[in-house]
Amino acid sequence: MVRLTVEIGQASRSIDCARAQVLQLIAEGKSTKDAASLLGISVKTAESHRMRLMQKLDIHETASLVRYAVRRGLVQA
């Protein structure tokens, strides 16, 4: 399984590839439904990945999730 290391304050945590892909697509402006379709997973699974990412990163809105991805270089602004 491929994992991506993310920084949370001074701590580092890893997220699996599927969650990283959902993060990237959402940061690129795709809806969760579109991300699910592109990745070949159910909408519920994509929503679960997004929700768990937000919990792990202590982020409470999608806009902050996008900012996080841009700052970490997962997508270009």
Side-chain angles (χ1 to χ4, degrees):
M1 175 185 303
V2 176
R3 299 187 81 73
L4 172 71
T5 301
V6 294
E7 294 177 20
I8 306 162
Q10 294 197 1
S12 291
R13 294 190 180 178
S14 62
I15 57 175
D16 64 44
C17 186
R19 289 185 184 154
Q21 289 174 322
V22 169
L23 172 59
Q24 181 179 4
L25 291 170
I26 289 172
E28 289 174 358
K30 305 280 191 277
S31 68
T32 305
K33 183 178 177 181
D34 290 340
S37 178
L38 289 167
L39 296 173
I41 59 177
S42 74
V43 174
K44 182 92 171 154
T45 299
E47 288 173 348
S48 176
H49 286 328
R50 182 179 48 80
M51 179 191 69
R52 291 184 192 283
L53 273 169
M54 291 174 78
Q55 287 175 341
K56 185 177 248 189
L57 298 171
D58 194 29
I59 292 174
H60 306 287
E61 63 255 344
T62 303
S64 294
L65 191 61
V66 172
R67 278 193 299 276
Y68 176 86
V70 170
R71 288 179 182 151
R72 297 296 179 256
L74 298 175
V75 293
Q76 294 183 0

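As a basis for the values below, the full set of heavy atoms in this structure was taken, side chains included, without hydrogen atoms, waters or symmetry mates.
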Residues two or more places apart in sequence or in another chain: which of them pass side-chain hydrogen bond (donor to acceptor under 3.5 Å, both in side chains) with Glu47?
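Glu47 satisfies side-chain hydrogen bond (donor to acceptor under 3.5 Å, both in side chains) with no other residue.
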Quick one: closest heavy-atom pair of Val22 and Ala46, and the distance?
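Closest pair (atom of Val22, atom of Ala46, distance): CG1-O, 4.0 Å.
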Grab the two heavy atoms, one from Leu65 and one from Arg50, that are nearest each other, plus how far apart they are.
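Looks like CD2-CG, 4.1 Å.
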For residues 33-40, please give each side-chain donor-acceptor pair under 3.5 Å, one per line with the distance, not counting sequence neighbours.
from  : atom 1 : to    : atom 2 : distance (Å)
Asp34 : OD2    : Ser31 : OG     : 3.2

So how far is it from [X] [atom1] to [Y] [atom2], rounded to the nearest 0.5 Å?
X     : Y     : atom1 : atom2 : result
Leu74 : Gln21 : CG    : CD    : 12.0 Å
Lys44 : Met51 : NZ    : CE    : 8.0 Å
Met54 : Leu23 : CE    : CG    : 10.5 Å

Kindly write out the residues that satisfy side-chain contact (heavy atoms from CB on, under 4.5 Å) with Ser48, not counting sequence neighbours, or none if the list is empty.
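By the side-chain contact (heavy atoms from CB on, under 4.5 Å) rule, Ser48 matches Arg52.
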Scan Val75, Leu53, Thr32 and name whichever one has a side-chain contact (heavy atoms from CB on, under 4.5 Å) with Ile26.
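With Ile26 as partner, Val75, Leu53, Thr32 yield a single side-chain contact (heavy atoms from CB on, under 4.5 Å), made by Thr32.
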